[in-house]
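Working notes for the structure below.
Residue numbers begin at 1 in each chain, while the letters A, B, ... track the order of the sequences. What's counted below: heavy atoms across the whole structure, side chains too, no hydrogens, waters or symmetry copies.
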Amino acid sequence: MSFTSMGEAHRRIADFLNRFSEAVSTQDGASLKSLLSVSSNSSLLLSLADDLNLYQDWSRLVKQAERNSHTLGEILVPHLRCVQSYRSGRFVEAYAAFEKSANAFLQEFRNWETAWAVEAMHVVAHEIRILAELADKELASLGKNPEKLQGAGSFLMKVFGSLAGKGPKRVGALYVTCQLFKAYFKLGTVHLCRSVIRSIETAKFFDFEEFPSSDKVTYMYYTGRLEVYNENFVAADQKLTYALMHCNSRHEANLRMILKYLIPVKLSIGILPKMSLLDKFHLTEYTNIVKALKQGDLRLLRRALQEHEDQFLRTGVYLVLEKLELQVYQRLVKKIYIFQKQKDPSKAHQIKLDVIVKALKWLEIDMDVDEVECMMAILIYKNLMKGYFAHKSKVVVLSKQEPFPKLNGKPVSS
Amino acid sequence: MWTQHAEPELGNSRAELDDGRTKPGMPRPSSGAGTGLDGSRAKLDDPRAELSFCVKNVFFLCSKRTRTKTENERSLAVSSYLNKNTNETLQRRAVRKSESARITEEQSGRQTFCRTLSSNEVHSSDLRPPPVLRNTLKYLLDLMISSEHPFEIIHDFVFDRTRSIRQDLSIQNIIDEHAIEMYEKMVEFHIISHLKLAKSHSDPDNLSLHYLNMEQLTKCLLSLYEIYDLNRIPEFVIKKENEFHSFYVLHLELSLIQMKIWLTRLSALIVRLSVICFVFRIFIYFRMGNYKRFFAILAMEASQLQLRLIEPFLNEVRVQALSCINHSGYKLQPYPLELLAELLMIKEDELESLCCECGLQIITDELGCKLVPAKQSNFHHPKSDLESYSLTTPVKFHSLDCGDRYLEGVMLEERMMVVAVLMKESIIEFSG
């Protein structure tokens with residue numbers, strides 16, 4: 001190690017500390033946030049980490065800088081430790097340090113009356129989540145309990161609390177909400193989203209239109225996904241469509257993510273996407289499902305579900321798509337009806353259950369007459385067909401008027 | 001400090017526990033588990049005496065500090081079970097619990113309840129080593145098999161102590177195959193309790209027990225899954241893991257959102273295995289209302305424990321089927337009750353009772369066959385909690401209930417599990 005390198009390291013560390021202090025004293029949020037984003041792998045922070053490793057007595061420099069503000073030291077010391085640990089790939093250590101720094105930062109943030117540091121706070125919120133995820137991966141690989149993201153969630157709730165109020169900082173609340181959503185979705189504890197959603201949607205000091213557009217899109221995307229989980233398809237359609245319409249058209253990856261959830265929702269309410277849309281956004285996993293719905297091909301639907309099972313399970317839409325089976329049955333029976341109508345219009349409305357059994361056999365689906373009767377009963381019960389089934393005669397009798405009602409933007413009745 | 005064998009301490013400490021009460025000779029748990037920890041033999045004359053014996057033996061499986069603490073603070077776990085009238089309602093017992101806890105709090109400045117210690121209070125001497133925990137659990141589960149005592153009392157007692165065992169496992173971070181075995185057994189305990197408590201739902205006191213049991217079942221399952229994950233070797237599945245994964249969704253009473261979250265978190269390895277496929281299909285048929293497939297697949301593929309979990313809401317599916325048939329059927333062609341009972345895998349007389357609960361009238365034709373006409377306007381969902389009717393098979397027409405022998409279904413059950421072909425490798429697992 002050359003004396004020159006040590007000197008350079010000393011100078012750069014001192015320079016960083018000055019920049020931090022300056023940003024706070026001049027209330028320069030934009031400068032401050034670049035100093036906080038540990039996971040951005042910016043050249044500034046990467047070289048800072050190397051300098052910290054070289055100049056090991058850096059805490060003394062912080063103490064010197066602390067002369068003007070003691071509290072900054074409480075933010076900076078763990079922050080620099082975090083930068084060091086992150087660079088070395090020690091993410092558990094990095095997270096622990098960052099959490100300490102973040103809490104100290106939040107304490108200061110609460111005292112700043114204007115909204116100048118909201119962007120910096122957002123960076124802290126983002127970083128704590130990212131570092132927590134990395135730390136949890138490290139813990140899991142060591143056979144330990146991954147609990148850092150849960151802790152990050154608690155911190156984010158505190159941040160949300162500091163933004164929820166009448167003051168100017170409130171416009172930052174939706175961003176933190178979205179960070180919470182990401183954490184909760186990752187943890188699988190989506191029920192915890194309820195309380196923040198309630199705050200955003202009912203608290204009088206929040207005006208949804210005031211929030212930045214990008215935050216609104218992200219919010220609608222996640223709340224739309226929650227509606228998909230709960231199979232509230234009408235609400236899911238509204239929210240995901242909002243996200244789609246307001247998402248920047250250049251952000252194709254985001255549009256694709258929205259469509260991944262919106263398409264199953266649309267299918268559930270009887271609206272089919274064009275094949276060109278599926279091709280444009282590489283959503284070909286839905287191609288055969290759309291075809292199956294159009295053709296009444298139950299075999300094709302089941303094959304499509306099986307082929308992309310992993311993907312659909314991971315995204316949580318498998319059960320939504322599986323439910324489309326009823327609509328495929330409806331389409332199949334309708335085709336039989338149309339065929340019979342062509343042969344003999346006077347008898348078209350009476351379909352023998354054996355005929356349906358045969359049609360399913362052609363599709364390589366083994367179903368006995370009892371089960372077909374059960375399915376017909378369900379279709380009628382859920383208003384996908386109008387009519388009745390006669391058990392003794394083993395026949396389903398369809399209404400002569402609109403025997404196959406359309407969904408018209410509403411889901412199949414439960 | 002702990003020793004592997006508790007016997008040397010027993011003689012001295014019995015006097016502390018006696019507390020001036022007379023104790024007749026005590027029986028062993030009826031499973032015949034060993035000679036009893038204090039080596040005594042007892043007669044089965046007095047149920048309370050027998051229970052007192054069991055309590056004392058479990059008590060000696062606790063650390064000395066805990067015994068002293070519990071003894072001094074007159075913790076409920078000992079005093080209530082030694083003293084109480086077994087006919088006492090749970091409500092009154094709950095009142096006594098809070099009174100006891102209050103006394104404890106006043107005396108010691110801390111609230112203790114049974115043997116659950118807060119992490120701040122843990123001393124190394126409090127922690128029981130794995131062999132002791134295993135013995136304790138075995139003892140508790142053997143106690144469940146002895147059927148002389150009211151179930152609620154035994155359940156309450158075992159419930160508290162299994163929580164304590166889990167606490168010990170967690171604090172000591174025991175995550176090996178022995179921990180898996182213990183957690184699996186505790187899950188089984190909660191499942192059996194779930195069924196028994198669900199059957200006595202009409203008793204309001206049991207409702208809280210039921211919910212508490214469900215809560216602990218969830219916690220126990222989640223802990224078990226974490227340990228499965230920590231012990232995972234790539235391309236191999238821990239022996240009973242897939243079945244225990246299936247319990248999570250089944251015990252959630254097929255809640256939609258939880259099912260979806262559960263599915264997203266299963267590894268691809270697990271999701272293709274037959275038992276998980278089974279659970280998945282059950283859930284799908286349940287959602288669709290496909291009663292025909294639902295019952296058929298249940299009869300063919302469900303394990304005994306799975307059946308026990310699912311039994312409390314078989315009637316929900318049956319009621320839904322009746323609703324569907326009543327709505328969609330032809331009025332002039334009523335449904336034969338016998339055939340419907342076969343489809344819904346229920347005894348004919350039980351189905352008739354169920355129809356009555358739903359406001360459906362049964363008619364009889366000229367040949368004496370009972371029929372259920374469709375389009376009855378009086379149909380309604382049952383107003384009160386339904387009696388649970390178990391599954392029948394079309395061939396045998398008898399209940400699949402395997403009696404009250406705790407763990408019998410699990411002990412005897414050996415299943416051959418189907419291959420899961422994943423990507424490049426095949427995994428074949430045989431059990432038994």
Side-chain angles (χ1 to χ4, degrees), chain A residues 140 142-147 185-191 225-226 228-231 305-306 309-310 312-320 322-323 325-326 329 367-383 385-397 412 414, chain B residues 170 173 175 222-223 226-227 229-232 255-268 271-272 276-277 280-281 283-285 287-296 320-321 323-336 339-340 342-343 371-372 374-375 422-423:
Chain A
L142 296 169
K144 291 183 183 168
N145 189 25
E147 23 98 85
F185 270 74
K186 185 101 183 184
L187 289 166
T189 53
V190 294
H191 60 284
R225 278 182 64 180
L226 283 174
V228 175
Y229 268 140
N230 284 315
E231 294 194 355
L305 287 175
Q306 203 173 10
E309 185 182 58
D310 280 346
F312 292 148
L313 284 172
R314 253 184 295 113
T315 51
V317 297
Y318 187 99
L319 290 174
V320 176
E322 191 284 324
K323 221 174 171 186
E325 235 187 55
L326 282 177
Y329 275 113
M367 213 179 266
D368 64 17
V369 77
D370 282 334
E371 193 177 349
V372 168
E373 180 188 79
C374 170
M375 292 315 300
M376 295 304 109
I378 294 168
L379 289 176
I380 295 164
Y381 188 69
K382 291 187 186 277
N383 207 37
M385 268 179 10
K386 278 192 183 155
Y388 58 83
F389 75 88
H391 172 73
K392 201 172 173 187
S393 318
K394 299 271 178 270
V395 78
V396 63
V397 180
V412 174
S414 48
Chain B
S170 170
N173 203 29
I175 54 169
L222 292 175
S223 299
E226 278 178 23
I227 300 176
D229 283 342
L230 292 168
N231 282 276
R232 194 175 305 291
S255 145
L256 180 66
I257 190 168
Q258 287 146 323
M259 173 71 169
K260 286 184 176 172
I261 293 164
W262 173 73
L263 283 171
T264 59
R265 296 172 76 76
L266 285 182
S267 70
V271 84
R272 287 190 176 87
I276 301 301
C277 287
F280 203 21
R281 279 178 294 147
F283 185 75
I284 285 171
Y285 298 138
R287 271 176 24 111
M288 198 187 290
N290 187 340
Y291 49 84
K292 170 76 171 76
R293 281 266 168 167
F294 178 88
F295 283 105
Q320 191 58 28
S323 177
C324 187
I325 291 167
N326 182 57
H327 177 271
S328 312
Y330 184 35
K331 194 172 179 176
L332 298 180
Q333 290 189 13
Y335 218 106
L339 285 177
L340 193 53
E342 262 187 55
L343 275 178
L371 307 166
V372 188
K375 300 282 193 279
L422 294 172
M423 305 288 281

Rounding to 0.5 Å, atoms CD (B/E342) and CG (A/D370) come to a distance of 8.5 Å
Rounded to the nearest 0.5 Å, the CG atom of B/L332 sits from the NZ atom of A/K392 at a distance of 11.0 Å
In this structure, CZ of B/R281 is separated from CD of A/E322 (nearest 0.5 Å) by 12.0 Å
* Parallel, tilted or perpendicular: which describes the rings of A/Y388 and B/Y330, with under 30° parallel and over 60° perpendicular? -> parallel
In short, A/Y381 meets B/S328 closest at the heavy-atom pair N-OG, 3.5 Å
Evaluate the side-chain proximity of B/Y335 to A/E373: yes if any heavy-atom separation is below 4.5 Å, no if none is.
yes
CG of B/N290 to CE of A/M375, rounded to nearest 0.5 Å, is 5.5 Å
Most contact-rich option vs chain A, by heavy-atom pairs under 4.5 angstrom, among B/Q333, B/R293, B/K375, B/K292, is B/Q333
Rounded to the nearest 0.5 Å, the CG atom of B/L343 sits from the SG atom of A/C374 at a distance of 8.0 Å
Sorted by chain and residue number, the ring pair (Phe, Tyr, Trp, His ring centres under 6.0 Å) partners of A/Y329 (sequence neighbours excluded) come out as none
Bottom line for A/L326: the part with an atom under 4.5 Å from chain B's heavy atoms is side chain
When rounded to the nearest 0.5 Å, the distance separating CG of A/N383 from NE2 of B/H327 is 7.5 Å
Applying a strict 4.5 Å limit to non-hydrogen atoms, the region of A/K144 in contact with chain B is backbone
Whatever's closer than 4.5 Å to a heavy atom in chain A on B/I175 counts as side chain
Cut-off 4.5 Å, heavy atoms of chain A, and the answer for B/K331 is neither
Evaluate A/E325 against B/R287 for salt bridge (Lys or Arg N to Asp or Glu O under 4.0 Å), listing each step before the verdict. CA-CA 12 Å; A/E325 235 187 55; B/R287 271 176 24 111; over 6 Å; no
